[in-house]
Amino acid sequence: MAYVISDECVSCGACEAECPVSAISEGDGKYQIDADACVECGACASVCPVGAPSAE
Ligand code: SF4
Ligand code: SF4
């Protein structure tokens, strides 16, 4: 399953730069992950200051 960004996201943008497949983009009020592109590397979860991305 792909990673998902929760509503805890504060739109800092840190995860977008870390994603190796550019699956993360700014969405409405928070960042979002393209589930079809995500390779579940966990880099976004590692860099996020609020722990918003998680595997579901
Ligand atoms: Fe990108 Fe990896 Fe996060 Fe998936 S788990 S969105 S591939 S950084
Ligand atoms: Fe949101 Fe975390 Fe990504 Fe920052 S690093 S944009 S808080 S999910």
Side-chain angles (χ1 to χ4, degrees):
M1 296 292 284
Y3 273 62
V4 175
I5 294 175
S6 75
D7 291 343
E8 298 301 307
C9 174
V10 294
S11 295
C12 71
C15 57
E16 183 177 16
E18 296 299 318
C19 182
V21 294
S22 300
I24 304 174
S25 60
E26 188 169 10
D28 186 16
K30 63 175 185 149
Y31 273 59
Q32 58 194 10
I33 294 171
D34 178 348
D36 292 329
C38 176
V39 294
E40 303 167 49
C41 70
C44 52
S46 296
V47 74
C48 181
V50 296
S54 63
E56 293 212 336

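Fair warning: this is a prediction, and the values are worked out from it, not measured in the lab. For ligands, and for the atoms within them, numbers begin at 1 and follow the listed sequence.
- Contacts between Ile5 and ligand 2, counted as non-hydrogen atom pairs separated by less than 4.0 Å, involve the side chain only.
- Annotation for Ala23 and Cys38: closest pair CB-N, 3.9 Å, computed over non-hydrogen atoms.
- Interface atoms of ligand 1 facing Val21, defined by a heavy-atom separation under 4.0 Å, are 7 (S).
- Ligand 1 has no atom lying under 4.0 Å from any heavy atom of Glu18.
- If you look at Ile33 next to ligand 1, the close heavy atoms, those under 4.0 Å, all belong to the side chain.
- Against a heavy-atom cut-off of under 4.0 Å, Tyr3 is close to the following atoms of ligand 1: 5 (S).
- Listed here is the closest heavy atom pair of Cys19 and Ile24: CB-CD1, 3.9 Å.
- For Gly42, the heavy-atom gap to ligand 1 drops under 4.0 angstrom.
- Every atom of ligand 2 is numbered from 1 in the order shown, and the set under 4.0 Å from a heavy atom of Cys9 is 1 (Fe), 6 (S), 7 (S), 8 (S).
- When non-hydrogen atoms are compared, ligand 2 lies under 4.0 Å from the side chain of Val50 (C-beta onward) but not from its backbone.
- Residue-ligand proximity, Val10 to ligand 2, at heavy-atom distances under 4.0 Å covers atoms 1 (Fe), 7 (S).
- Look at Cys41 and atom 2 (Fe) of ligand 1: an N/O/S atom of the residue is under 2.8 Å from the metal.
- Interatomic distance, Cys15 SG to Ile5 CD1, rounded to the nearest 0.5 Å: 4.5 Å.
- Atom 1 (Fe) of ligand 1 has Cys19 SG, 2.3 Å as its closest protein atom, hydrogens excluded (heavy atom only).
- Near Tyr31, meaning under 4.0 Å from one of its heavy atoms, ligand 2 places the atoms 6 (S).
- Contact detail for Cys44 and Ile33: the closest heavy-atom pair is SG-CD1, 4.3 Å.
- The OG atom of Ser22 sits 8.0 Å away from atom CD of Glu16, with the distance rounded to the nearest 0.5 Å.
- Of all atoms in ligand 1, listed by their number and element, those nearer than 4.0 Å to a heavy atom of Cys38 are 4 (Fe), 5 (S), 6 (S), 7 (S).
- When only non-hydrogen protein atoms are considered, atom 4 (Fe) of ligand 2 lies nearest to Cys12 SG, 2.2 Å.
- When all heavy atoms of Ser11 and Cys9 are compared, the closest pair comes out as N-SG, 3.2 Å.
- Numbered from 1 in the order shown, with element, the atoms of ligand 1 that lie under 4.0 Å from a heavy atom of Ile24 read 6 (S).
- The atoms of ligand 2 that sit less than 4.0 Å from any heavy atom of Cys15 are 3 (Fe), 5 (S), 6 (S), 8 (S).
- The distance from atom OG of Ser6 to atom NZ of Lys30, rounded to the nearest 0.5 Å, is 6.5 Å.
- Near Cys48, with a cut-off below 4.0 Å to any heavy atom, the atoms of ligand 2 are 2 (Fe), 5 (S), 7 (S), 8 (S).
- Remark: ligand 2 atoms within the under-4.0 Å shell around heavy atoms of Gly13 are 4 (Fe), 6 (S).
- Atom 3 (Fe) of ligand 1 has Cys44 SG, 2.3 Å as its closest protein atom, hydrogens excluded (heavy atom only).
- Taking 4.5 Å as the limit, some side-chain heavy atom of Gln32 sits within range of a side-chain heavy atom of Ser25.
- When hydrogens are left out, the protein atom nearest atom 7 (S) of ligand 1 is Val39 N, 3.3 Å; that is the closest non-hydrogen contact.
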